[in-house]
Amino acid sequence: MKIKIYVGNDKLQTNTIKFYSLQIRKSIDEICQSATINCPFSEFKKVKKHDKIFIKAVMDWNKDERALCYILVDDISATISGSEKSMSITGRSYARDIVDSSDSGMVEGCTLVQIVQKVASKYNSNIKVEHYPTDMDASPTIEYFEWENESVWQRLLTTAENNGYAIASNNASNLYVWKRETNLANNSIFKLKLVEGVNIVSASLNRKGYDQFNKYCVKGNYEDTEKIDATCKTKRVHTLQFTDEYISSKELETRANAELKRRKADELTVEVKGFGLSDETIAKEKIANNSYVEVFYEPKQLIRVKIPSFDIDKDMTIKDVSYSLSNNDFSSSITLVEEGAL
């Protein structure tokens, strides 16, 4: 596998740029993917602020170019120090135009997917919104969605969270509206696993004490709900207050359950070689772009983890992943949580 980076148009080979190193971050808790590209100074005139950047992985066996991360350029930094010259490019998914906008608006009587599409289209007409799984829109109907002189993306994420959904960019910079209990199609048939002593370079387990609450209260303007954690012996109470007068009792209950699960979840971070399936596996199984098989480590992917030192041998869900490429050395830093904790 090798990486190609295009500027402006991914159909023209003349639009590729050279680079020294690459870092990409993806998280189910962040609406945008992000990337940092360190380049030779010779590429300085090829890239402008707000240009489209297409980062693609070229498969060895059939030369398919698979989307890895598409971004819009936020910043270009160039440095000259004596005879040394360098530059770097940073950018985020197209949804940055939603994140960075402060505005007012209202949408009535639409599904969550339809609301996200209407909002996305207002700020960037290139963003396509899909429910995941992508063959249907099963998202709940939101009777009234309004934002006033604020960043609409935070309101979107809160509304999604209260209905058991998440919103995140995919590799082509479009938006997926995820039902939180749904995992990304996994690669179990191709034996994509994380195993101590095999492909794990290092691992750290963080058992955070965020679950030190016996009661979780979630309040709206007219209703409230609570969830008891019988395993917690303290008398602490954690309260969330929502001022949205249209929030339903079901949304309050969903948020209370989600808050409890998230706070009880331990986090495991592993460092591994590669971005996902090996080149040999991809070639052996003849995985093409139209095979509908994920070849990279991705957020919301269910993956088998075996670390005897931590007494872990179970399926876990990827929360976020950071890819690094330097000197043709591919590596990933992956954060995982208990299945169902996202």
Side-chain angles (χ1 to χ4, degrees), residues 25-35 49-53 69-75 90-132 134 137-180 182 218-222 240-248 250-252 254-256 258-259 262 299-300 319-320 342:
R25 174 176 167 78
K26 306 176 182 182
S27 174
I28 193 63
D29 287 335
E30 298 170 9
I31 197 170
C32 286
Q33 299 182 4
S34 60
K49 289 184 295 184
H50 314 304
D51 273 352
K52 290 181 180 179
I53 297 279
C69 181
Y70 293 176
I71 59 171
L72 294 172
V73 175
D74 283 325
D75 298 296
T90 59
R92 292 169 291 161
S93 304
Y94 301 169
R96 67 163 200 167
D97 293 339
I98 305 174
V99 174
D100 294 346
S101 295
S102 297
D103 198 4
S104 300
M106 179 182 67
V107 181
E108 294 182 274
C110 293
T111 66
L112 179 60
V113 170
Q114 291 169 338
I115 290 174
V116 177
Q117 182 65 76
K118 287 177 182 290
V119 170
S121 298
K122 180 175 182 179
Y123 301 110
N124 189 319
S125 58
N126 291 317
I127 299 175
K128 181 181 178 181
V129 180
E130 296 179 302
H131 187 279
Y132 192 90
T134 58
D137 178 4
S139 63
T141 298
I142 310 298
E143 294 300 333
Y144 192 81
F145 179 82
E146 182 181 26
W147 67 103
E148 186 173 355
N149 299 323
E150 59 185 322
S151 177
V152 65
W153 80 272
Q154 189 60 60
R155 295 282 289 176
L156 281 175
L157 294 183
T158 299
T159 299
E161 176 79 11
N162 292 344
N163 284 276
Y165 276 78
I167 305 169
S169 295
N170 62 19
N171 295 351
S173 220
N174 293 313
L175 287 174
Y176 276 156
V177 179
W178 293 83
K179 191 167 182 60
R180 282 196 173 267
T182 302
V218 184
K219 299 182 178 182
N221 281 349
Y222 308 112
L240 290 174
Q241 177 75 49
F242 293 97
T243 57
D244 182 359
E245 61 180 303
Y246 297 98
I247 194 168
S248 67
K250 181 179 179 181
E251 289 175 273
L252 296 175
T254 298
R255 187 56 184 267
E259 193 70 20
R262 186 177 296 111
K300 284 294 282 179
K319 179 182 178 183
D320 56 61
L342 290 178

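These numbers come from a predicted model, not from an experiment.
Between the side chain of Q154 and the main chain of S151, no donor-acceptor pair closer than 3.5 Å is present. Within the 3.5 Å criterion, the main-chain N or O of Q117 finds a donor-acceptor partner in the side chain of S121. Side chain of E150 to backbone of E148: a donor-acceptor contact under 3.5 angstrom is found. At least one donor-acceptor pair closer than 3.5 Å links the side chain of K300 to the backbone N or O of R180.
Annotation: side chain to side chain contact (heavy atoms under 4.5 Å, CB included) contacts of N171 (sequence neighbours excluded): K26, Q33, A67, F296, E298. By the ring-ring contact (aromatic ring centres under 6.0 Å, His included) test, F145 pairs with W147, sequence neighbours left out. Partners of W178 by side-chain hydrogen bond (donor to acceptor under 3.5 Å, both in side chains), not counting sequence neighbours: none found. In terms of the salt bridge (Lys or Arg N to Asp or Glu O under 4.0 Å) criterion, residue partners of E130 (sequence neighbours excluded) are, by chain and number, K128. S34 meets the side chain to side chain contact (heavy atoms under 4.5 Å, CB included) test with R25, R92; sequence neighbours excluded. Residues satisfying the side-chain hydrogen bond (donor to acceptor under 3.5 Å, both in side chains) test with E251, not counting sequence neighbours, are N163, S248. With sequence neighbours left out, the side chain to side chain contact (heavy atoms under 4.5 Å, CB included) criterion links I71 to A35, I53, C69. With sequence neighbours excluded, no residue forms a salt bridge (Lys or Arg N to Asp or Glu O under 4.0 Å) with D137. Legend: residues meeting salt bridge (Lys or Arg N to Asp or Glu O under 4.0 Å) with K122, ordered by chain and number and at least two apart, are D103. Every salt bridge (Lys or Arg N to Asp or Glu O under 4.0 Å) that R255 has, sequence neighbours left out, goes to E161, E259. Y94 is linked by a side-chain hydrogen bond (donor to acceptor under 3.5 Å, both in side chains) to nothing, counting only residues two or more places apart in sequence or in another chain. Residues meeting the side-chain hydrogen bond (donor to acceptor under 3.5 Å, both in side chains) test with S102, sequence neighbours left out: none.
In this structure the side chain of I98 never reaches within 4.5 angstrom of the side chain of N124, judged on heavy atoms. The side-chain heavy atoms of L157 and D29, taken from C-beta on, include no pair separated by under 4.5 Å. For the pair V152/V99, no side-chain contact is recorded, criterion being any heavy-atom separation below 4.5 Å from C-beta on. Contact of the N126 side chain with the K52 side chain is registered, since non-hydrogen atoms from C-beta on lie closer than 4.5 Å.
Once rounded to the nearest 0.5 Å, the distance linking NE2 of H50 with CG of D97 reads 9.0 Å. Rounding to the nearest 0.5 angstrom, the gap separating the OG1 atom in T254 from the OH atom in Y165 is 11.0 Å.
Counted by atom type alone, N149 and S104 present one or more donor-acceptor pairs between their side chains at under 3.5 Å.
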